[in-house]
Amino acid sequence: MSLQPSPQPSEQPSRRESPPPSTAAAGPATVSVFASPESWIESDALDQCHQVAALDGMTHVAAMPDLHPGKGAPIGAAMTSTVLYPFLVGSDIGCGIAVFPIRLKRAVPEKLAARFPDLDRALDPERDAGDPAWAVMKGDIPAGHTEGLGTVGRGNHFVELARIGTVFEPGHASRLGLAGGDLVLVVHSGSRGLGERILRAHTEVHGAGPAADPAAYLAMHDDAVRWGSLNRRLLAARVAHALGAETAEPIVDRCHNLVEIRDGLYLHRKGAAPGDGCDVLVAGTRGTPSYLVAAHAGPDAGHSVAHGAGRKMSRADALRRGRAKHTVEELRRTPVGSLVVCGDRQLLFEEAPTAYKRIEQVIADLIAHDLATPVATTIPLVTYKTPDLGSAPRRDRRRERGRR
DNA sequence: ATGTGC
């Protein structure tokens, strides 16, 4: 192992010859990996890239530095083809990360953590008709899907109150209305049951095969993308109101699980954010900074950038190794001084910062390949995953015990 | 990542 610290984004030369991505031909499709040799990429994930590249109609697979194995298809990749493969987008169609400015008089993590609302409890349009979060609604609920609306979900999803840390590009940050010390809500969530239902309907008939009627799939897919974006707005509004703040429009909202038609091909993104001339929040972990970047990825990279740090360990490994390595208290109070609200101990271990790659290395790889320029970091203050047992209503605690 | 079954 090298003791040499990896290059910090701020220390990168502004214009340097970008190293070529490592590219290999796999039949007609190429696979390009946008990661430096120091970035450890699991061989299973690379195998998945080559399996995808070998599918009928594939033209190119671009692997991001946060690449890791997924269910059938790799996570952290942009994949182009002449046919549409729903499984390459996966079940959480419309999943993405949004950043909302928020103003609070004081930001004491201990006090604010206790005020987060229960985001496992859905907003019911009738029962909760008076909830101020509905103010973000413009038009109808996509697909009329009200189930799970306003809930964050599980896995790597979260709602985080964070503070702008290092500002690398003050002019760019300023255009976004951001300066060092400002507070933001970072929301990572998707389309909950809706996307899952859409993929399942396809899979039941066609398995991992292409969409027989791409237009019909895309119509449902687009609903899920809109639903995911609405859900992130509702989540931000719920939290903002609970913290006594106003909601604003997101300054960034990028979906990293979707398919688009581009240059006459289907461009599938799975854990890869649109990176062509837009700003993206590349999520770190619940205990490290995240990076807001200006992305400028070209066709070789599938016009995409990484969506986060990327898992280094499977959930099973993280749970097993985490239990030996960390205490629950250590994971609830992180190295950057933030608090993690998570009443689910297993999830806490699965999502431990040590289960993820170093975000600094992922960002360094994006810079080295000229895919993105860091604008600012966000430093977590409170990350909400799922209600704390202590603060959950009594009936929820009982339900939680019944699950064991 | 999900809803569902054990």
Side-chain angles (χ1 to χ4, degrees), chain A residues 44-45 48 66-77 85-98 119-124 142-143 145-160 186-204 207-208 217 220-221 223-225 227-232 234-235 254-259 268-273 283 285-286 307-319 342-344 346-352 355-356 383-387 396 399-404:
Chain A
D44 286 358
Q48 286 184 335
D66 59 339
L67 187 83
H68 57 282
K71 192 180 166 186
I75 300 168
Y85 287 102
F87 90 98
L88 293 183
V89 174
S91 64
D92 198 2
I93 306 160
C95 186
I97 299 179
L119 301 177
D120 282 357
R121 180 182 173 280
L123 283 175
D124 186 296
H145 185 83
T146 56
E147 218 171 295
L149 204 51
T151 61
V152 65
R154 289 290 170 106
N156 58 359
H157 292 175
F158 62 84
V159 178
E160 183 169 279
V186 180
V187 181
H188 180 186
S189 189
S191 60
R192 310 289 285 109
L194 178 59
E196 210 247 340
R197 200 178 69 189
I198 293 166
L199 180 66
R200 185 155 25 88
H202 169 85
T203 308
E204 277 170 1
Y217 170 83
M220 293 184 285
H221 159 284
D223 277 340
V225 169
W227 200 99
S229 185
L230 169 62
N231 202 38
R232 290 187 286 279
L234 285 170
L235 285 161
R254 296 283 164 231
C255 167
H256 49 237
N257 292 348
L258 80 168
V259 60
H268 311 75
R269 291 192 177 93
K270 173 67 175 171
T285 71
R286 294 341 93 221
H307 78 314
R311 293 200 75 84
K312 183 171 71 184
M313 287 176 215
S314 68
R315 292 189 173 276
D317 282 350
L319 186 60
C342 183
D344 180 335
Q346 178 171 326
L347 185 61
L348 207 48
F349 286 114
E350 289 175 355
E351 291 291 312
Y356 283 84
T383 304
Y384 176 100
K385 298 286 294 177
T386 192
D396 285 357
R399 190 158 55 87
E400 190 63 34
R401 280 199 204 99
R403 280 188 195 144
R404 283 162 207 282

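First the proteins, then the strands, lettered A, B, ... as listed; each starts at 1.
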With sequence neighbours excluded, residues passing ring pair (Phe, Tyr, Trp, His ring centres under 6.0 Å) with A:Y85: none
With sequence neighbours excluded, tell me which residues meet salt bridge (Lys or Arg N to Asp or Glu O under 4.0 Å) with [X].
{"X": "A:R254", "value": "none"}
{"X": "A:D317", "value": "A:R320"}
{"X": "A:K270", "value": "none"}

Interatomic distance, CG@A:L149 vs CG@A:D124, rounded to 0.5 Å, equals 9.5 Å
How many Å lie between [atom1] on [X] and [atom2] on [N], as a whole number?
{"X": "A:H157", "N": "B:dA1", "atom1": "NE2", "atom2": "P", "result": "6 Å"}
{"X": "A:L88", "N": "B:dA1", "atom1": "CG", "atom2": "P", "result": "17 Å"}
{"X": "A:K270", "N": "B:dA1", "atom1": "NZ", "atom2": "C1'", "result": "7 Å"}
{"X": "A:L119", "N": "B:dA1", "atom1": "CG", "atom2": "P", "result": "17 Å"}

Among residues 66-75 of chain A, which residues get a heavy atom nearer than 4.0 Å to DNA chain B? A:K71
Exactly one candidate in A:R315, A:R286, A:R154 meets salt bridge (charged side-chain N to carboxylate O under 4.0 Å, His left out) with A:E351; the answer is A:R315
Please lay out, stage by stage, how A:D92 and A:H157 fare under the test side-chain hydrogen bond (donor to acceptor under 3.5 Å, both in side chains). CA-CA 11 Å; A:D92 198 2; A:H157 292 175; 3.2 Å; yes
Donor-acceptor pair, distance only, cut-off 3.5 Å: does the side chain of A:N257 make one with the backbone of A:G271? yes
For nucleotides 3-6 of chain B, which of its nitrogen or oxygen atoms have a protein nitrogen or oxygen under 3.5 Å away, and what is each distance?
residue: B:dG3; atom: OP1; partner: A:G193; partner atom: N; Å: 3.3

